[in-house]
Amino acid sequence: MEIPSKYNPADVEDKWYQYWTAHGLFHSEPDGREPYTVVIPPPNVTGVLHMGHMLNNTIQDILTRRARMLGKNACWVPGTDHASIATEAKVVAKLRSDGISKANLTREQFLEHAWDWTRNYGGVILTQLKKLGASCDWQRTCFTMDEARSQSVIMVFIDLYNKGLIYRGKRMVNWDPAALTALSDEEVFYREEQSKLYYLRYRIEGEEQYVTIATTRPETILGDTAVAVNPNDPRFTHLKGKKVIVPLVNRPVPIIMDDYVEMEFGTGCLKVTPAHDENDYEIGLRHNLEIIDIFNDNGTMNADATMFIGDDRFDVRKKIIPELERAGSLVKIEDYTNKVGYSERTNTVIEPRLSTQWFLKMTELAKPALENVMNDNITFYPARFKNIYRHWMENIRDWCISRQLWWGHRIPVYYLPDGRFVLAQTREEAMTLAREQMPDITDAQLRQDDDVLDTWFSSWLWPISVFDGIRFPDNDDIKYYYPTNDLVTAPDIIFFWVARMIITGYEYRHNYPFKNVYFTGIVRDELGRKMSKQLGNSPDPLELIAKYGADGVRVGMLLCSPVGGDLRYNDSLPQQGAGFATKIWNAFRLVKGWQVDATLPQPEHSRLAIEWFRHKFGAILEQTNVHFEKFRISDALMGVYIAVKDEFSGWLLEIVKPEYQHPIDGKTYSEVIGIFDSLLRMMHPFMPFVTEEIWQLLDERADGQSIMTATWPTARCCDEALLAQFDDAREAVSGIRNVRTKYNIANKDKLQLFVLQGDKGYAPDYGSIICKLGNLSALTRVEKEIPDAATFLVKSTTFFVPTGNFIDAEEELEKLRKELAYTQGFLKSVMGKLNNERFTANAPEAVVTVERAKKADAENRIRSLEEQIRALVKD
RNA sequence: GGGCGCUUAGCUCAGUCGGUUCAGAGCGGCUGCCUUACAAGCAGCGGGUCGGCGGUUCGAAUCCGUCAGCGCCCACCA
């Protein structure tokens with residue numbers, strides 16, 4: 001078999017991905033095994049893969065692949081989200097670029113375009129995930145707007161309505177004047193801005209007195225229906241019962257007293273515009289104020305404004321100032337910093353607006369969801385997100401679930417001509433129900449609600465709906481796969497998605513939707529900026545995969561991503577990952593290149609090294625398993641990285657490697673192959689492709705066999721003492737190498753080594769290994785020190801390497817004296833503790849014993865150093 | 001305004017129960033090697049008063065207080 005000298009990921013990755021899918025290795029069906037379930041956070045159907053997806057899905061794949069190897073029935077369900085508002089915005093933009101206006105289309109025509117778009121671009125992202133190696137069960141791919149998911153959403157809406165949790169009401173909502181839809185509170189983000197605070201005076205009716213108010217939004221005075229002051233404010237008690245005249249429109253409005261007004265802010269007088277501010281609305285309700293809505297839904301002024309009709313709100317803000325000045329109402333303008341709400345989607349300023357929407361009462365629903373996170377029935381990694389979650393859940397507000405869009409699940413409410421309505425799964429059903437109330441109703445008279453549901457109203461069902469557990473609560477899939485095990489997601493959707501899935505989990509399955517939630521960090525660029533399309537600072541994941549291989553990119557992403565911590569990405573990371581793949585490949589080439597001679601006996605050093613490695617591997621594997629349990633995936637990877645790069649390649653292979661063009665004994669060979677196999681299995685979840693390629697070449701494999709379904713290695717308990725002794729041997733080897741470096745002794749020149757054994761620091765058993773790696777001609781134990789030799793120390797054992805004439809006595813002497821001084825100082829500090837009665841009296845016995853041992857060691861060392869110095873000085 | 005978190009080597013980060021596995025890892029840097037698997041390599045070496053200051057303790061990166069800087073979440077001061 002010809003093994004390529006270079007590993008080229010592009011040559012093998014697609015091949016194995018096809019192999020895995022062709023043999024159905026990602027597919028899961030319920031069986032007798034323990035299930036392991038992950039549902040993907042469904043990316044937007046029209047999205048493309050970005051670095052955040054790469055990180056997130058790499059972690060999910062690692063967890064899934066490992067679970068599969070642990071013998072669990074692993075099922076990772078993929079899918080996409082219809083992303084109502086985002087997709088609709090994209091389709092609108094696309095139509096506009098084709099010269100088509102949404103306003104000129106019927107709902108049906110528009111949806112036709114949207115579905116076309118979805119069919120054309122939808123799922124691209126799933127193809128991209130395949131490049132990454134994602135072992136999703138593609139047969140189970142779901143879409144939040146496919147038939148089963150849509151029906152589930154409608155059923156849940158009807159159910160919650162019937163439970164009295166969904167209601168329709170006219171409320172102050174966040175209005176997006178660009179998308180022309182209401183938004184939930186979570187879809188609004190606040191940005192600090194430099195703006196102006198305008199001081200305006202209102203004349204008191206029938207007097208030549210004025211009150212001055214302060215506002216950041218002078219254009220809204222056109223909708224003012226009161227001026228409010230604090231009832232406890234002595235400055236304004238005389239105004240009680242009077243009216244003021246709103247400037248420009250000359251409308252008399254009452255002066256009202258309300259606790260809401262802060263006496264310290266501005267002038268202590270507040271203009272009240274109930275239609276365009278949530279607090280003003282509340283005040284309006286308390287005082288039964290008139291509500292004048294002055295805006296059209298796109299943010300322009302309507303007829304009720306009486307002025308600037310048709311102008312945009314921000315233009316009006318500029319235009320109204322000179323008008324106010326002319327009217328003598330402008331007192332002053334101050335610079336002011338405040339926070340302005342923006343639509344997360346369209347990036348336009350949100351307009352608080354009174355409108356009729358559908359809401360979901362959250363308080364009761366949230367209770368079990370809060371409790372079961374706080375008591376760790378659902379465990380958050382890292383735990384600090386519990387606090388954030390708790391705060392939100394404890395202050396949860398009703399959820400505005402209706403959107404004035406077309407792309408989404410249409411609200412299943414059907415209105416009769418008289419305003420009554422029925423809820424139904426289908427139009428036919430609705431007709432039947434409607435006839436019960438109005439026997440002669442015609443189909444044309446029954447009108448379905450025009451609005452669609454918030455996207456998250458479908459994704460909050462995801463862990464249930466992908467197994468069709470809403471429609472068929474007793475089906476085999478949902479019973480087997482639910483609850484799922486781990487959810488891997490970004491913290492920015494903790495409220496949008498995670499919290500709400502937990503709510504539906506308890507509401508519809510009486511159990512949590514997932515046991516663990518792993519929050520990834522945010523991928524940033526080298527400057528610490530969030531990667532974003534606008535900044536153009538995000539590399540194209542597919543280009544990275546093409547350049548470094550999927551394995552390289554996966555490893556690169558993980559090497560620096562602590563749980564919940566942000567990661568700074570740069571190209572050296574996948575480079576390192578790709579380098580690691582190459583390292584593994586080269587180790588494989590070495591092993592596979594050996595000639596095997598079955599008649600050769602196994603050398604002592606090989607036998608010892610393999611025994612040692614088994615223990616080392618066990619220790620690392622155990623540690624890796626612990627890391628996995630704590631979701632410390634980066635640490636788990638680092639363990640594997642060290643195991644392969646340092647322990648296996650750097651030490652084991654160097655020891656067992658036969659001399660050039662010499663054959664290796666059969667026993668060592670087969671044992672090394674076995675070890676390699678274990679290492680590959682341990683690496684596989686991180687680097688699925690290169691491990692599969694090598695695993696297939698390492699031994700004869702039947703068609704359909706895959707490392708994917710091989711078993712995760714098991715750790716034998718390891719002998720700590722043995723590992724410690726081997727470390728001493730390694731230190732001795734390092735000591736010899738140091739001597740070589742220091743005295744410029746070539747590697748091929750054999751050296752002699754003498755050992756003056758102390759009570760620690762030398763394991764005679766490993767002499768054969770020291771000989772091999774140190775390239776020694778002899779290793780001799782002695783009873784006293786060897787003159788004219790370089791020395792080094794491992795614990796209390798001294799090693800001597802005769803170096804002939806290479807020694808520089810002066811330099812050596814200086815070094816010894818330096819060490820002597822250091823050790824004496826150390827001894828002094830130890831003695832300080834031991835002579836301190838409070839220490840010996842209060843510290844635990846074990847600690848005192850340790851200090852005593854330190855003292856003895858230091859004294860020994862000082863004696864030894866003094867002798868060496870004497871010997872040198874004598875010369 | 002409230003809450004949470006962070007600050008350890010040039011960079012990214014570990015550091016559990018306060019004490020010999022406490023000052024660590026990877027990357028980078030420096031030096032020397034093209035030593036026959038691998039220069040995507042090997043060998044070796046530096047590098048941090050653990051953000052500042054106090055306190056508790058026989059003993060503090062670790063516990064407490066405080067100050068500074070950074071980040072995140074939430075919140076109706078116009």
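Order of the sequence lines sets the chain letters (A, B, ...), proteins ahead of strands, with each chain counted from 1.
Contact between the side-chain N/O atoms of A:Lys630 and the OP1/OP2 oxygens of B:A14 is not found at any separation under 4.0 Å. Under 4.0 angstrom from either OP1 or OP2 of B:A37 there lies at least one side-chain N or O belonging to A:Lys657. Using a 4.0 Å cut-off, no side-chain N or O of A:Arg730 falls inside it from OP1 or OP2 of B:A43.
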For a ring-ring contact (aromatic ring centres under 6.0 Å, His included) check, start with the C-alpha distance between A:Tyr7 and A:Phe588, then their side-chain angles and the critical distance, and finish with the verdict. CA-CA 11 Å; A:Tyr7 174 68; A:Phe588 168 66; 9.9 Å; no
If you apply the rule salt bridge (Lys or Arg N to Asp or Glu O under 4.0 Å), what do you find for A:Glu186 with A:Arg500, and how did you get there? CA-CA 12 Å; A:Glu186 288 68 41; A:Arg500 290 171 180 160; 3.0 Å; yes
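Under the 3.5 Å distance criterion, with hydrogens and angles disregarded, no donor-acceptor pair is assigned to the side chains of A:Lys332 and A:Thr212. A donor and an acceptor atom, one from each side chain of A:Glu282 and A:Tyr260, are nowhere located under 3.5 Å apart. Between the side chains of A:Ser734 and A:Glu731, no donor-acceptor pair is found at a separation under 3.5 Å. Side-chain contact of A:Asn174 with A:Asp185: a donor-acceptor pair under 3.5 Å is present, judged by distance alone.
Rounded to a whole Å, the CD1 atom of A:Ile584 is 17 Å from the P atom of B:C38. Between the C1' atom of B:G41 and the NZ atom of A:Lys6 lies a distance of 12 Å, rounded to the nearest Å. The CD-P distance, from A:Gln575 to B:G41, rounds to 11 Å in whole Å.
Contact annotation for A:Ser734: backbone-only contact, meaning every heavy-atom pair under 4.0 Å involves sugar-phosphate atoms and none involves a base. A:Arg740 comes within contact range of no nucleotide atom at all, as no heavy-atom separation falls under 4.0 Å.
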Taking only Watson-Crick and G-U wobble pairs with both distances under 3.5 Å, what dot-bracket line describes RNA chain B, where [ ] shows pairs that cross earlier ones and | shows pairs with another strand? (((((((..((((.....[....)))).(((((.......))))).....(((((..]....))))))))))))....
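Residue A:Glu654 places a side-chain atom within donor-acceptor reach of the base of B:A37, judged by atom type and a 3.5 Å distance cut-off alone.
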Strictly under 4.0 angstrom, non-hydrogen atoms only: write out the protein contact profile of nucleotides 71-78 of chain B, one letter per nucleotide from the 5' end, B, S or -. --SSBBBB
Whether each nucleotide of nucleotides 26-35 of chain B has a protein heavy atom under 4.0 Å at its base (B), only at its sugar-phosphate (S) or at neither (-) is summarised, 5' to 3', as SS-------B
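Taking the side chain of A:Arg384 as heavy atoms from C-beta on, and the options B:A37, B:G44, B:G5, the nearest nucleotide is B:G5.
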